[in-house]
Amino acid sequence: MTRRWSRRFAGALPLLLLLTACTGEWLPAKGTESRETEAFPRKSITLIVPYAAGGGTDLTARALAKAAEKHLPQPIAVVNRTGGGGSIGLMEGAGTKADGYTVTYLVAELTTLPHLGLLPVTYEDFKPIAQTNLDPSAITVRAEAPWTTAAEFLDFAKAHPGKVKMGNAGTGSIWHLAAATLEKGTGVKFSHIPFEGAGPAVSALTSGFVDAVPVSPAEVKTQVEQGTLRTLAVNAEQRSEALPGVPTLKEATGLSVQFTGTWRGLAVPKDTPDEVTAVLAEAFTKAAGEEGFRAFMKENGLGLMIRDGEGFRGQMKASHDAFARLIPELGLSRK
């Protein structure tokens, strides 16, 4: 019996070889790639955070990763790639293998650093998965400051050009650009004082070294609630959930000054297969809707903004285009 089957197989072998030559592939291998995609992920996923551990971006990424693990069969390892104001981590994320196993937590500086000549990649080097956060700029002063409304603050700044010292998170940072946008939209002139991050700028405001900061409500929420700082207005279409009693700039002054604010979201290298991206998008979108993650965002005063990949791409393009115009006008471009 064995010999008979051997002879039959030997007789059929030329036909199998002919079929293989005609199709250009070994029949057993057909569909292997799709099966691998269906099995994604088969190992742990790395989430790159372009800032140091313990900061707002890092804490948000870790909370999101923890929630996403419920919707994936593999763990997510968060790694911090710091340096260059976020450029080191962003470059690594854009240049990694496009297989879905390395995700980058993108930040708004992805759309500012290229125009400053500090980052050789742009949002177009990524395939967006989902946006998870959007926070507006806000005008915050000390509680004992002479201005109790945004209108009073801006009137004083207009009457005294360059006298109001506006702290920011560094020259060319998102909050420096927020203050510059406010200048352009209202006709005022600030004296811009840079610091190494929003935290030091807020500390400088509390100690009286500067007169105001344009950072997000989340970054001053604690001090405002403690009564040491006062937020006069938020530059957004709607009030911030972090400080619901604070009016929008338009409510406070009648002025509408467009600024994209700061945002965070997830992306993979641009050549990542759509099937893999879809798996990640489903998991992270579900994670962003988890009660635990929502509670984390609310507790920390961070704005929850969930957009799909195309919506996130639109957000990044709007930011990129706006800063392409604004940064050269400010004389900050090094390109």
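Below, all heavy atoms of this structure are taken into account, side chains as well, without hydrogens, waters or symmetry copies.
Other residues, nucleotides and ligands contribute more than 12 heavy atoms inside 6.0 Å of the CD atom of E251. With a 6.0 Å radius and a threshold of 12 heavy atoms from other residues, nucleotides or ligands, E225 has its CD atom above the threshold.
With hydrogens and angles ignored, the 3.5 Å screen pairs a side-chain donor or acceptor of T253 with a backbone N or O of L255. Side chain of R142 to main chain of L205: a donor-acceptor pair is present (N/O by atom type, distance under 3.5 Å, no hydrogens or angles). In this structure, T96 contributes its side chain and G93 its backbone to no donor-acceptor pair below 3.5 Å. Side chain of T231 to backbone of A233: no donor-acceptor contact under 3.5 angstrom is found. Using a distance-only test at 3.5 Å, with no hydrogens or angles considered, no donor-acceptor pair links the side chain of R81 to the main chain of S87. Between the side chain of E152 and the backbone N or O of T148 there is at least one donor-acceptor pair closer than 3.5 Å. The backbone N or O of F296 lies less than 3.5 Å from a partner atom in the side chain of N300, making a donor-acceptor pair. Of the possible donor and acceptor atoms, none in the side chain of D135 sits under 3.5 Å from a partner among the backbone N and O of S216. The backbone N or O of T206 sits nowhere less than 3.5 Å from a side-chain atom of Q223 that would complete a donor-acceptor pair. Side-chain atoms of R239 come within 3.5 Å of backbone atoms of P244 as a donor-acceptor pair (strictly under, hydrogens ignored).
Considering only heavy atoms from C-beta on, T149 stays 4.5 Å or farther from L232 through its side chain. Side-chain atoms of E282 and H71, non-hydrogen and from C-beta on, never get closer than 4.5 Å to each other. When side chains are defined from C-beta on, Y51 does not count as touching D58, because their heavy atoms never get closer than 4.5 Å. Contact of the T272 side chain with the D99 side chain is not registered, since no non-hydrogen atoms from C-beta on lie closer than 4.5 Å. At a threshold of 4.5 Å between non-hydrogen side-chain atoms, the residues V224 and R230 do not count as touching. Residues P214 and M166 have side chains in contact (heavy-atom distance under 4.5 Å, counting atoms from C-beta outward). A 4.5 Å side-chain heavy-atom check between N133 and M297 finds at least one atom pair inside the cut-off.
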Run W175 and S137 through side-chain hydrogen bond (donor to acceptor under 3.5 Å, both in side chains) and show every step you take.
CA-CA 7 Å; W175 299 135; S137 171; over 6 Å; no

Stepwise, does the side-chain hydrogen bond (donor to acceptor under 3.5 Å, both in side chains) test hold for Q131 with R264?
CA-CA 6 Å; Q131 181 176 343; R264 300 178 178 97; over 6 Å; no

Take Y101 and F40 through the test ring pair (Phe, Tyr, Trp, His ring centres under 6.0 Å) and record every step on the way to the result.
CA-CA 9 Å; Y101 287 102; F40 177 86; 4.9 Å; yes

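Between the NZ atom in K270 and the OG1 atom in T277 there is a gap of 14.0 Å [rounded to 0.5 Å]. The distance from atom CD1 of I48 to atom CG of L90, rounded to the nearest 0.5 Å, is 9.0 Å. In this structure, the separation between CD on E237 and OG on S256 is 7.5 Å, given to the nearest 0.5 Å. The distance from the CD atom of E92 to the OG1 atom of T102 is 7.5 Å, given to the nearest 0.5 Å. Atom CG of L229 is separated from atom OG1 of T222 by 10.0 Å, given to the nearest 0.5 angstrom. Here Y105 contributes atom OH and L266 contributes atom CG; the two are 6.0 Å apart, rounded to the nearest 0.5 Å.
A salt bridge links K70 with E290; the closest basic N to acidic carboxylate O contact falls under 4.0 Å. Of the charged side-chain nitrogens involved, none lies within less than 4.0 Å of a carboxylate oxygen, so that R294 and E291 do not count as a salt-bridged pair. Contact check on E329 versus K184 returns a salt bridge, with a Lys/Arg side-chain nitrogen under 4.0 Å from an Asp/Glu carboxylate oxygen. Ion pairing of K127 with D274 is present here, as a side-chain N (NZ or NE/NH1/NH2) and a carboxylate O approach within less than 4.0 Å. Remark: D321 does not engage R325 in a salt bridge, criterion side-chain N to carboxylate O under 4.0 Å.
By the criterion of side-chain heavy atoms lying less than 4.5 angstrom apart, applied directly or through intervening Ile, Leu, Val, Met, Phe, Trp or Tyr residues, L113 is grouped together with M316 in one hydrophobic cluster. If you chain together hydrophobic residues whose side chains sit under 4.5 Å apart, V246 and V141 never meet in one group. No continuous path of ILVMFWY side-chain contacts below 4.5 Å connects V78 to V107, so the two sit in separate hydrophobic clusters.
Side-chain contact annotation: R42 with Q74, donor-acceptor N/O pair under 3.5 Å absent.
Ring to ring, Y123 and H320 are close: their centroids are under 6.0 angstrom apart.
Within the cation-pi definition used here (under 6.0 Å to the ring centroid, within 45° of the axis), K165 does not qualify as a partner of F190.
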